[in-house]
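What follows is a set of notes on a single structure, which appears directly below.
Just so it is clear, the structure is predicted and the values come from calculations on it, not from any experiment. By convention in this document, chain letters (A, B, ...) are assigned in the order of the sequence lines, proteins followed by strands, and residues within each chain are numbered from 1.
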Protein chains: 2
Amino acid sequence: MRKPTIIDLAKAAGVSPTTVSHAFSGRRKVDPATRERIIALAEEMGYRPNQAAQRLRSGRTGTIALASSMPFAVAAGASRLGFLMEIAASAAMTALTRNMALCLIPPLAPGSNLDSLALDGAIVVEPARDDPLISRFEARHTPIVSIGKVPGRDDIPAVDLRSAQTARLLLDHLYQAGSRRIGLITGERRRTSYEETEAAYAEFAAAHDMPQVAARLDETGGESLAETETMQLLRRNPDLDGLLVTVDAFATGALTALAGLGRRVPQDIRLATRYDGLRARLAQPPLTAVDLHLDQIANIAVEMIFARIEGRDHTIEAPIVTLLPRPSSLP
Amino acid sequence: MRKPTIIDLAKAAGVSPTTVSHAFSGRRKVDPATRERIIALAEEMGYRPNQAAQRLRSGRTGTIALASSMPFAVAAGASRLGFLMEIAASAAMTALTRNMALCLIPPLAPGSNLDSLALDGAIVVEPARDDPLISRFEARHTPIVSIGKVPGRDDIPAVDLRSAQTARLLLDHLYQAGSRRIGLITGERRRTSYEETEAAYAEFAAAHDMPQVAARLDETGGESLAETETMQLLRRNPDLDGLLVTVDAFATGALTALAGLGRRVPQDIRLATRYDGLRARLAQPPLTAVDLHLDQIANIAVEMIFARIEGRDHTIEAPIVTLLPRPSSLP
DNA sequence: AGAATTTACCAAAACGTTTTGCGCGAATCG
DNA sequence: CGATTCGCGCAAAACGTTTTGGTAAATTCT
């Protein structure tokens with residue numbers, strides 16, 4: 001009573017294994033009648049092609065990597081959660097439906113064993129300009145799909161995170177909520193989301209005749225760095241009445257700073273961030289954020305890397321982002 | 001310039017593929033000298049055994065499942081994070097070092113495609129008594145390791161979550177912080193962690209001559225259910241000055257209720273929970289919790305399922321839990 | 001010294017697919 | 001009507017391991 005093989009199925013259907021294979025793969029014509037008979041019989045017998053055999057034959061490994069260059073302190077943190085894990089959960093599920101396994105790659109311990117594991121493709125999350133992750137995979141000829149464009153690399157397929165649009169959405173919202181002097185805090189590394197946000201901010205500032213007050217923080221600094229830097233920022237620019245902070249850990253750090261300075265949120269100064277994670281939602285007050293639809297993004301990334309592995313080239317539009325207004329910026 | 005195979009390596013070493021295989025697996029004696037020569041040569045040529053071939057030959061799939069019976073509302077939530085993901089992240093990494101892929105199994109959509117995917121083993125997270133997940137895997141003869149014992153099933157290998165000890169730790173702490181009337185909130189499903197906590201609570205109550213005030217909530221109810229139920233609990237037992245809430249989402253719900261009732265935390269009533277997630281840490285005030293060392297737990301579970309798959313039976317002690325006192329229970 | 005055992009290795013047969021080249025009858029073409 | 005194409009199907013050769021049943025030579029036993 002072992003699992004039926006393609007041979008068992010072929011015998012039962014009175015055809016050769018070849019025909020069964022073609023019936024499933026569609027790589028050659030088979031008579032529609034026989035095809036249906038085979039499919040039905042397969043269903044009945046509970047036949048599933050053996051993956052190991054398929055992979056051996058095809059040379060594929062059935063594994064795709066999910067890698068992030070964000071330092072753990074931000075990407076995963078002491079609690080190992082957030083942005084990356086949210087993507088991982090969705091991507092893992094979608095990969096499953098494709099009979100692919102998703103491997104989480106730890107943030108690049110230098111000279112790590114990354115070379116030892118065989119991969120069909122890699123999904124890279126928010127890479128920075130000249131990110132070593134990218135060159136690693138390229139050196140191995142591993143197909144890449146990026147979540148968030150790779151700065152300066154339009155040739156690498158990516159799921160757009162729509163950061164420019166996100167920034168405009170948040171800035172317009174802060175403006176409508178009454179803010180006239182808005183500051184910006186992003187990260188130091190050159191990621192597309194920061195660059196687009198900064199550009200949108202510059203444009204917004206110009207359009208509203210607003211002075212630019214911006215800071216870039218070291219991502220490994222986390223909440224505490226954001227706290228001290230926000231303090232300084234407000235000391236130098238006491239008239240700030242709005243703050244756009246792209247990284248959620250920075251945003252909660254900023255919130256602490258504001259509380260320390262005695263600025264009331266949202267009455268004196270309004271605060272908004274990008275990623276709608278637990279941090280944003282549980283903050284006091286809860287932070288206005290944007291629904292990036294990360295689950296869909298993750299699925300799209302998997303579909304795209306899958307297409308890429310198969311040699312097809314398939315670009316899928318990223319979902320539209322939507323604003324999630326919360327007390328941190330509401331009157 | 002394709003990847004060297006065992007045959008290439010055998011030729012280079014002047015032996016047969018058989019010998020190379022044995023040199024690596026150690027399943028038969030080979031001359032130590034030749035063995036070393038082979039290993040060195042393998043290193044030099046960059047030989048890695050082809051996994052697909054190994055799996056085809058051995059009949060293994062190289063995939064283990066990570067499954068939870070907790071409803072998404074609690075286990076993953078709108079943000080898909082928490083307990084489960086924390087385990088997933090660690091387990092995935094450890095699995096990687098074993099050349100195994102970890103698959104996240106979605107919480108059992110009834111009649112789902114679970115049967116379709118081939119698994120070498122499954123790690124089940126905090127199963128309940130008579131959990132359908134368990135019977136599913138057993139029906140398929142898939143080896144199981146449970147994180148948190150399976151109630152009533154001492155025959156299934158498990159990594160103990162030490163819930164009895166955890167409960168005692170928290171109860172003693174609350175007592176030392178001044179609480180004399182402590183209430184308990186757990187979940188409805190019969191999970192070992194609840195059962196052990198309840199037992200420890202009963203024992204503690206008896207020892208301290210304290211009346212028992214306990215509630216079990218529907219896990220799908222989440223924060224809002226916990227809020228209303230906590231209200232009721234306190235209305236009926238206004239003298240409560242301590243609360244042990246095992247599920248973090250319930251704990252934050254309770255916190256909201258307490259605020260609504262005008263009870264100050266920790267002055268009037270002290271609160272503690274079990275899982276030290278983002279929720280506990282970000283709550284206002286931050287919640288006293290316990291470090292379960294989930295990363296280690298996850299690794300242990302992977303090691304155990306791995307041993308189990310290979311036919312060995314290997315039990316590894318769970319790490320000792322440690323208290324994380326926070327303002328929710330500190331004077 | 002001959003028999004029995006151990007050592008060190010090898011050849012060949014799986015494992016379950018997919019792919020390639022080929023055959024054969026039927027349909028189409030000039 | 002002969003020649004060509006097309007549709008449908010098959011046999012056999014990979015893909016890279018591990019395992020099993022061997023065989024000589026070296027060692028040990030009696």
Side-chain angles (χ1 to χ4, degrees), chain A residues 1-39 41-42 45-63 98-100 116-118 120 309-311, chain B residues 1-39 41-42 45-63 98-100 116-118 120 309-311:
Chain A
M1 275 304 293
R2 38 168 244 309
K3 276 188 67 179
T5 76
I6 199 173
I7 302 194
D8 303 327
L9 178 54
K11 273 190 188 134
V15 297
S16 78
T18 308
T19 307
V20 175
S21 176
H22 289 326
F24 280 112
S25 71
R27 297 188 64 88
R28 280 206 194 171
K29 280 258 156 210
V30 320
D31 189 89
T34 32
R35 198 186 108 92
E36 276 197 31
R37 187 158 40 96
I38 292 173
I39 303 278
L41 214 49
M45 300 172 59
Y47 167 74
R48 322 230 95 224
N50 179 308
Q51 286 188 24
Q54 288 183 314
R55 302 214 230 268
L56 175 57
R57 187 51 236 230
S58 68
R60 300 241 181 83
T61 66
T63 304
R98 298 283 198 209
N99 279 322
M100 293 251 163
S116 83
L117 81 150
D120 288 338
I309 290 168
E310 288 193 326
Chain B
M1 276 303 294
R2 39 169 243 306
K3 276 187 66 177
T5 76
I6 199 173
I7 302 193
D8 302 328
L9 179 53
K11 273 189 189 132
V15 297
S16 78
T18 309
T19 306
V20 175
S21 177
H22 289 326
F24 280 112
S25 71
R27 298 187 66 87
R28 280 206 192 173
K29 281 260 158 215
V30 321
D31 188 89
T34 31
R35 200 187 107 91
E36 275 196 32
R37 186 158 40 96
I38 291 173
I39 304 277
L41 215 49
M45 300 173 59
Y47 167 74
R48 320 230 96 225
N50 179 307
Q51 285 188 25
Q54 286 183 316
R55 301 214 230 269
L56 174 58
R57 185 53 235 230
S58 69
R60 301 241 182 85
T61 65
T63 303
R98 297 284 198 210
N99 279 322
M100 293 250 160
S116 81
L117 82 152
D120 288 339
I309 290 169
E310 289 194 325

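- Side chain of A/Arg27 to backbone of A/His22: no donor-acceptor contact under 3.5 angstrom is found.
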Between protein and nucleotides 5-12 of chain C, map the contacts as a letter string: B base, S sugar-phosphate only, - none, heavy atoms under 4.0 Å, written 5' to 3'. ---SBBBB
What do the steps show when you test A/Ser16 against A/Thr19 for side chain to side chain donor-acceptor pair (under 3.5 Å), and what is the final call? CA-CA 5 Å; A/Ser16 78; A/Thr19 307; 3.3 Å; yes
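- Nearest heavy atom pair, residue A/Pro49 against residue A/Gln54, reads CB-NE2, 3.5 Å.
- B/Phe24 comes within 4.0 angstrom of no nucleic acid atom, judged by non-hydrogen atoms across all strands.
- Counting only distance, with no hydrogens or angles, the side chain of B/Arg37 and the backbone of B/Ala13 share a donor-acceptor pair below 3.5 Å.
- Here the closest heavy-atom approach between residue A/Ala42 and residue A/Phe24 is recorded as CB-CZ, 3.7 Å.
- A donor-acceptor pair under 3.5 Å is formed between the side chain of B/Arg55 and the backbone N or O of B/Thr61.
- Think of the region where chain A sits on DNA chain D: with heavy atoms and a 4.0 Å cut, that region ends 5' and 3' at D/dC8 to D/dG16.
- Although no hydrogens or angles enter the test, the distance criterion places no donor-acceptor pair under 3.5 Å between the side chain of A/Ser21 and the main chain of A/Pro17.
- For A/Glu36, the CD atom sits in a loose shell: 12 or fewer heavy atoms of surrounding residues, nucleotides or ligands are nearer than 6.0 Å.
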